[in-house]
Number of protein chains: 2
Amino acid sequence: MTDGVVERSRPRDRILETARDMFHKHGIKGVGVDAITEAAGTNKMTLYRHFESKDELIVECLRANAAKAGAMWEGFETEFPGDKLAQLHAWVRKAAVMLKADGRGCDMANAAAELTEPDHPARLVIKELKEAQRERLVALCRDAGIGQAELLADTLSLLFEGARVSVQTVGTEGPSTQFVRMAEGLIVSFRGTAAG
Amino acid sequence: MTDGVVERSRPRDRILETARDMFHKHGIKGVGVDAITEAAGTNKMTLYRHFESKDELIVECLRANAAKAGAMWEGFETEFPGDKLAQLHAWVRKAAVMLKADGRGCDMANAAAELTEPDHPARLVIKELKEAQRERLVALCRDAGIGQAELLADTLSLLFEGARVSVQTVGTEGPSTQFVRMAEGLIVSFRGTAAG
DNA sequence: CTAGGGTGTTACCGGTCTGTAACTATGCAA
DNA sequence: TTGCATAGTTACAGACCGGTAACACCCTAG
């Protein structure tokens, strides 16, 4: 993999893709810019011509991740046009797939764990992107006709977040295996108590 | 703080306490052994006389954390002797307090995010300690007379874990504020469906 | 053909990291 | 007083880090 990106695209894109992949696998402080550029089939100078620092590269990687997640949400809409409840269930299934994909948790959460300086530029965009993500899930729950949409969205969100860190600590055979069951149970329960 | 540990205890203890504190605040890769020993009022050679490497120090810190968490559980038993349901509610309240304590998540989860090498010695003890932790919560739910004890314990555990990373990404004012409400609701719901 | 922007190459700077060597100072016990 | 374990000090090794300078290369547009 990693080298699959080397093909023939612009150096900037190759660096971004490779950095995303390596940050995800080895963590941010676990990867140096030299290793990134080498894996991307280019060199350090070219990186610094496109990104003013490693920190900026980190931020761009996080934004790219969010963009990819956004595409996933659009996929739900095209797959189940107008059927918000079906889209919510699609989100649950997609989340379950992501849990089994690999043992690494959420890139943003991992970045927040690593970058502890309170004024690190990445912390701002992490908060921004996570809040946008929450808004989307809340809107989906609300439009699906669920009464306490915020509470359900937050509960599902915390469950998923927790499942991702559980996978990272005890592996894919731990409590996270019950995620779908928990999530579906919650949706049923919330639909029962107060429908729109 | 940090310097409060310097008082007069054995150098090994001071190093361990200081390392726990600094790893928690700044992450593992964010702290060098020099900084630890200086904050502990000693020096690098003394550290390497008591710990054969930084990795071993990390492992000992994680075990010390687990020991402290174990003491917390014993506190529940002494506070509500025999009343397992009360102890479960005490756990929920304690978890809520920890959520507001600081913006750093679970040390084990953070360590797992940072130490990505699959055979890192810390990964073994993280898995071991997290599984022990889960067993304790399952036992508490079971002894509290809840039917699906494993499912409730896992759900509560994922919720808490998720809340901790939420605090780390969007702060204490995010979805984690609803943790107690979610947890109490779940306990009520599980007690209703199947009592012992 | 030529000019110029994007790219590759090499070498380097100053700093930090884990870990070690060699030596000195201290305190306690026989 | 002698002896020994523990702890402190200084200096260093070897590696890696983010970031920059200077220069050679190629491809394309005019």
Side-chain angles (χ1 to χ4, degrees), chain A residues 2-3 5-23 25-62 110-111 114-117 119-123, chain B residues 2-3 5-20 22-23 25-62 110-111 113-117 119-123:
Chain A
T2 298
D3 288 0
V5 184
V6 179
E7 303 156 2
R8 271 321 109 184
S9 51
R10 321 285 293 269
R12 187 181 194 280
D13 299 333
R14 299 193 325 248
I15 290 169
L16 205 55
E17 277 309 293
T18 309
R20 284 211 311 140
D21 182 60
M22 296 182 77
F23 286 156
K25 285 180 184 157
H26 312 294
I28 290 176
K29 297 197 179 175
V31 178
V33 293
D34 263 323
I36 293 171
T37 55
E38 188 189 338
T42 176
N43 55 73
K44 197 158 48 169
M45 270 315 301
T46 300
L47 186 153
Y48 281 101
R49 286 191 191 105
H50 291 286
F51 306 91
E52 75 168 2
S53 66
K54 185 185 182 182
D55 282 350
E56 193 192 281
L57 174 61
I58 294 167
V59 167
E60 291 305 311
C61 285
L62 293 174
N110 288 346
E114 283 198 80
L115 310 174
T116 62
E117 306 105 279
D119 58 343
H120 191 290
R123 298 199 72 85
Chain B
T2 297
D3 287 0
V5 184
V6 177
E7 305 156 0
R8 270 322 109 186
S9 51
R10 320 289 293 270
R12 187 182 194 279
D13 298 333
R14 298 191 327 245
I15 291 169
L16 204 56
E17 277 309 292
T18 309
R20 284 211 312 139
M22 296 184 77
F23 286 156
K25 285 180 185 158
H26 312 294
I28 290 176
K29 298 197 179 175
V31 178
V33 292
D34 263 324
I36 293 171
T37 55
E38 188 189 339
T42 176
N43 54 74
K44 196 158 47 168
M45 270 315 302
T46 300
L47 187 154
Y48 281 103
R49 285 191 192 104
H50 291 286
F51 306 92
E52 76 169 0
S53 66
K54 184 184 181 181
D55 282 350
E56 193 192 280
L57 174 61
I58 294 167
V59 167
E60 291 306 310
C61 285
L62 293 174
N110 289 346
E114 283 197 79
L115 309 174
T116 63
E117 307 105 278
D119 58 344
H120 192 289
R123 299 199 71 86

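Letters go in sequence order (proteins before strands), and every chain restarts at 1.
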In whole angstrom, what separates [X]'s [atom1] from [N]'s [atom2]?
X	N	atom1	atom2	value
Glu38(A)	dC16(D)	CD	C1'	14 Å
Asn43(B)	dT18(C)	CG	P	15 Å
Ile15(A)	dT7(C)	CD1	P	9 Å
Lys44(B)	dA11(D)	NZ	P	13 Å
Met45(A)	dA21(D)	CE	P	8 Å

Item to check | Counterpart residues, side-chain contact (heavy atoms from CB on, under 4.5 Å), relative to Thr116(B) (two or more places apart) | outcome: His26(A), Arg104(A)
Checklist entry - Who are the side-chain contact (heavy atoms from CB on, under 4.5 Å) partners of Arg49(A), not counting sequence neighbours? => result Met45(A), Thr46(A)
Next on the checklist: Quick check on contacts: within residues 46-59 of chain A, what sits under 4.0 Å from DNA chain D by heavy-atom distance?
Outcome noted: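 By residue number: Tyr48(A), Ser53(A), Lys54(A).
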Checklist entry - Is there a side-chain polar atom (N or O) of Thr42(B) under 4.0 Å from OP1 or OP2 of dA7(D)? => result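 For dA7(D), neither OP1 nor OP2 has a side-chain N or O of Thr42(B) closer than 4.0 Å.
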Checklist entry - Who are the salt bridge (Lys or Arg N to Asp or Glu O under 4.0 Å) partners of Lys44(A), not counting sequence neighbours? => result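 Result, salt bridge (Lys or Arg N to Asp or Glu O under 4.0 Å) vs Lys44(A): Asp34(A).
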Next on the checklist: Taking salt bridge (Lys or Arg N to Asp or Glu O under 4.0 Å) as the definition, give me every residue that meets it alongside Arg20(A), ordered by chain and number, with sequence neighbours left out.
Outcome noted: Glu17(A)
Next on the checklist: Does this structure show an ion pair linking Arg123(A) with Asp119(A), if we count only N-O contacts that are shorter than 4.0 Å?
Outcome noted: no
Checklist entry - Of the residues in residues 29-37 of chain B, which ones touch DNA chain C at a heavy-atom distance under 4.0 Å? => result Val31(B), Gly32(B), Val33(B), Asp34(B)
Quick one: closest heavy-atom pair of [X] and [Y], and the distance?
X	Y	result
Glu114(A)	Gly30(A)	OE1-N, 4.4 Å
Ala39(B)	Met22(B)	CB-SD, 3.9 Å
Ile15(B)	Leu57(B)	CG2-CD1, 4.2 Å

